[in-house]
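Proteins come first, then strands; the chains are lettered A, B, ... in the order of their sequence lines, and each starts at number 1.
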Amino acid sequence: MIVMRKVKQCSLLEFFSNTQQNAHGKYVSEKKEVRKITLSEDRLKKELVVEDGPILLSVDYDGEKECAFAKLYDPESGDIILWWDEEKRHRPYCLTDLKKEIVERLPQIVNHKGFLRLEKVEKIDLLRDRVIKMTKIVAKDPLSIGGRPDSIRELLPEDPHIRGVKRAWEAQIHYHHCFIYDNNLIPGFPHRIEGGILRCAKVDISPKLLEDVLKMLEEEEYKEEYYDVLKRYLPLFLHPTPPIRRAAMDIEVYSPQADRIPDPKKAEFPVISVAFATTDGNDVVLVLKRRDKKADLPEDLPEGVKVEFFDDEKDLLKRTFEILDSYPLILTFNGDNFDLQYLYNRALRLGLRRESIPIVSKKDYMNLRRGCHIDLYRFFSNNAIRVYAFDGVYKDITLDAISEALLGKGKISLEIPIADLEIKDLIRYNYRDAKITLELTQFSDNLVMKLIFLLMRISRLPIEDLTRKGVSKWIQSLFYAEHRIHNYLIPRAEELQQLKGVKSTEAIIKGKKYKGAIVVTPVPGVHFNVTVLDFASLYPSVIKTWNLSYETVRCPHESCKDNRIPETNHWVCKKRKGISSIIIGFLRDIRVKWAKPESKNKELPEELRAWYSVLQRALKVFINASYGVFGAEHFPLFCLPVAESTTAIGRYAITETIKMAKEMNLKVIYGDTDSIFIEQPSAESVQKLIEWSKKELGIELDIDKVYRYVALSERKKNYLGVFEDGTVDIKGLAGKKRNTPLFIQNAFMNVVKMLGEVKSPEDFENAKENIRKIIQDCYLKLKRREFELEELAFRVQLTKPLDSYRKVTPQHVKAARMLKAAGKDVKPGDIISFVKVKGPVGVKPVELARKEEIDVDKYLSHIETAFEQILDALGIEFSEILGTRSLDIFM
DNA sequence: GCGGACTGCTTACCT
DNA sequence: ACAGGTAAGCAGTCCGCG
């Protein structure tokens, strides 16, 4: 039996009695002697030995050979190795709780054309905390298990306890994933092929190394469990990834209409140019000769880039296919929906035989027969990647915006349509796109490739799935693999719902499922010397400390029912450690206590430090999304009680901490979810609070940042802070929002710059004067129409197809409809730029508007609200800035 | 018929 | 197809007003 850390009320007096007074009367607590352990490169090499071998990139099902097959990358040769499970050692299957003898008498099963055999198996049923006997139904092919109306999973009898649900388990797991889990394969990690069998590479890891990492994690409660996962995961975290040989490809297609992108399904127009940027120095641009264009080369063609001209488009395609087939990995930007689709369909249209095309069209993506294909557009679109791995440095998902943000250089801007470009300009343009696509995977010593490999290892997903699917699928896959390793039965969503479909909190926002976090009402005004404390990954900590998991919250044991979760009617298991509690807690501890500190450890060689930094980011993605998935209905382990217990305990933690802070006479001026802002605290009291949290809540509270001053208005999630070095930290203010016109953004940034220079309350007077000038100047420019149209554009994203806006017609939709009427393609994800104009409609797309039409008054009021947010906080009235007298000047 | 109060929709942000 | 909470702007509706 394990004892869960219980949060108990603790008064200030009680708390202080745990500490001693020193000679000067100051309170000090016993400092734990923390031994600093660093794993030197040398130790890692000696104590963690991974057998050499080709790296597993992906596993799929080969419909023709009727077996699983794998693509591996051989670092020695730089080529792909293909492997088939030719002896069909592994077969598709599902499980049922019916006895084998019963299933044997079900004709629809045993006479099914795909039926192979039955096996008796034992599984651990976590939901009911017992071992159960089940029958494994093995079939010849995946579609016989599921995916058709007459698949075996549909033909099994109905579960007597759940209406409309069949007595089939684990039948919805894709076969290629099943193959990975059952054979303990780890995509992204070395493997070996021995006697026709594909196995994960042998790993030799010294127990001392494991012990030392365990010490670093300072974990007592979960020691045994951590030892088990650490042994399996440490090699995945530490084994280097190979530099993979690859080529990025981009194609250009002729289009008779400048703003219409050719339809890749029809592929009506010729491919006029294909560019390859490669890691092995074979960069080449394939160009179609055209009657009206001179076939000459750009003067500034980078060294080593070859250009090949073709008279016949068919030959150009054949050469393209030859190159595509010669790389283990092809990178594109939007290749799934355009480049590869276009090439594929164009080749068919021109009469090339299907077998001569190295491209395969899968259900929802494009792949290569031999190699693998990563569509970086899809990878960078992944919100978890954008936000957690890249700190949101890019907002728009375009090659231009992403490369601008990550590489510091963008696409070549075009003045004329692609079809009209001179050949040399076409070459330059086309090559640049391929080059930056490649560079997106090369910058910072191949950071993106390393990240992808690490994410593959942790999630156990093939490269194609990993780079195309969202974080919930990654976590799903990780959990499924862990279930299989421990022989746990993977529960069906319906039974989870039946057993755990209870909730006990109401959301504040209409339409949401349960209650979330607390936001403390800010104390408006300028506060000097502010320390921000925050819980280091609060929700994952809560999940770990409180043993939260789908099987432990509302567990089946009577004796656990007194182990209550605050603010809910839920209880949590005292007998068994939860699977998600262990995994999420482990990943969190690895990141917070090891990978992140090591990524900043100056004693380590640069390369190793950089590796920890990538690892730290990869873990961050999993950790940060791990709570959310339990509150997402489409997640197969969806469990409301887990999600709402997590936030409930989170609320409890911050509330208790604020209470404690106030008891200590600390001034709490703001807080959001896991942070509290304290004005002018003493170093001791902060330390005291941090120790209190660790001791009483079992959650680490850290100093997150220290501001010279913070300006708060009465608005939540809206503030401006200035660090000691003058850097300004802006949160939520309109001037920072993507859709705010640049005209306002720029003026806003000027004001912010002024505020960064403020060092003391006295400096404010000066700053105010300057701010006044900036805003007046902004006003004046508008009035005099001294602006570019683009500066005034609101840039709002279209989140769904135009015709599905039925309830209301927002302004950006109005503008988008005008664009469509003018013959431009508009689709979900597009950013619509529009300006406000005089007239009944009030808006126009920036492309169609003229300067004279601008509704200046509308913009004046936008300026007002944008600046009010800052001025409010500084205690300045907007009218004070544009006093009646100054307004007179403009009128 | 018009304007203000109100609700709901949509987007972008914060944690 | 991670979550909920907050702000802002606008669209659309209701209601009162002799």
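Between A:S472 and C:dC2 there is a side-chain polar atom (N or O) within less than 4.0 angstrom of OP1 or OP2. Between A:K510 and B:dT7 there is no side-chain polar atom (N or O) within less than 4.0 angstrom of OP1 or OP2. The phosphate of C:dA7 has neither OP1 nor OP2 within less than 4.0 Å of any side-chain N or O from A:R715. Between C:dG4 and A:K512, a contact under 4.0 Å exists linking OP1 or OP2 to a side-chain N or O.
Residue-level contact check: A:K469 touches the backbone only, with heavy atoms under 4.0 Å from sugar-phosphate atoms and none from bases. Residue contacts for A:I509: at a heavy-atom cut-off of 4.0 Å it reaches a base atom on one of the strands shown. Nucleic acid contact class of A:G516 (heavy atoms, under 4.0 Å, all strands): sugar-phosphate only. No contact: A:Y539 has no heavy atom under 4.0 Å from any strand. Contact annotation for A:N718: backbone-only contact, meaning every heavy-atom pair under 4.0 Å involves sugar-phosphate atoms and none involves a base. Among the heavy atoms of the strands, none lies under 4.0 Å from A:A643. Nucleic acid contact class of A:T865 (heavy atoms, under 4.0 Å, all strands): sugar-phosphate only.
Between the side chain of A:Y388 and the base of C:dC2 there is at least one donor-acceptor pair of N/O atoms closer than 3.5 Å.
Annotation: of the two residues near DNA chain C, A:S861 and A:E506, the 5′-most nearest-nucleotide partner is A:E506.
Across every non-hydrogen atom of A:P801 and A:P828, the tightest pair is N-CG, 3.5 Å.
Judged purely by atom type and a 3.5 angstrom limit, A:K500 uses its side chain to pair as donor or acceptor with the backbone of A:R554.
Side-chain contact annotation: A:E170 with A:H483, donor-acceptor N/O pair under 3.5 Å absent.
Of the charged side-chain nitrogens involved, none lies within less than 4.0 Å of a carboxylate oxygen, so that A:D375 and A:R468 do not count as a salt-bridged pair.
Side-chain contact between A:F638 and A:H634: absent, with no pair of heavy atoms (C-beta onward) separated by less than 4.5 Å.
In this structure, A:F380 has its ring center closer than 6.0 angstrom to the ring center of A:Y394.
Relative to the six-membered ring of A:F794, A:K836 meets both conditions, a distance below 6.0 Å and an angle of at most 45° to the axis.
When each of C:dT6, B:dC14, C:dC2 is scored by its nearest atom to the side-chain atoms of A:V519, the top-ranked nucleotide is C:dT6.
Contacts between residues 790-818 of chain A and DNA chain B, defined by a heavy-atom separation under 4.0 Å, are made by A:V796, A:Q797, A:T799, A:K800, A:Y805, A:K807, A:V808, A:P810, A:H812.
Nucleotide C:dA7 holds its C1' atom 11 Å from the CG atom of A:L733, rounded to whole Å.
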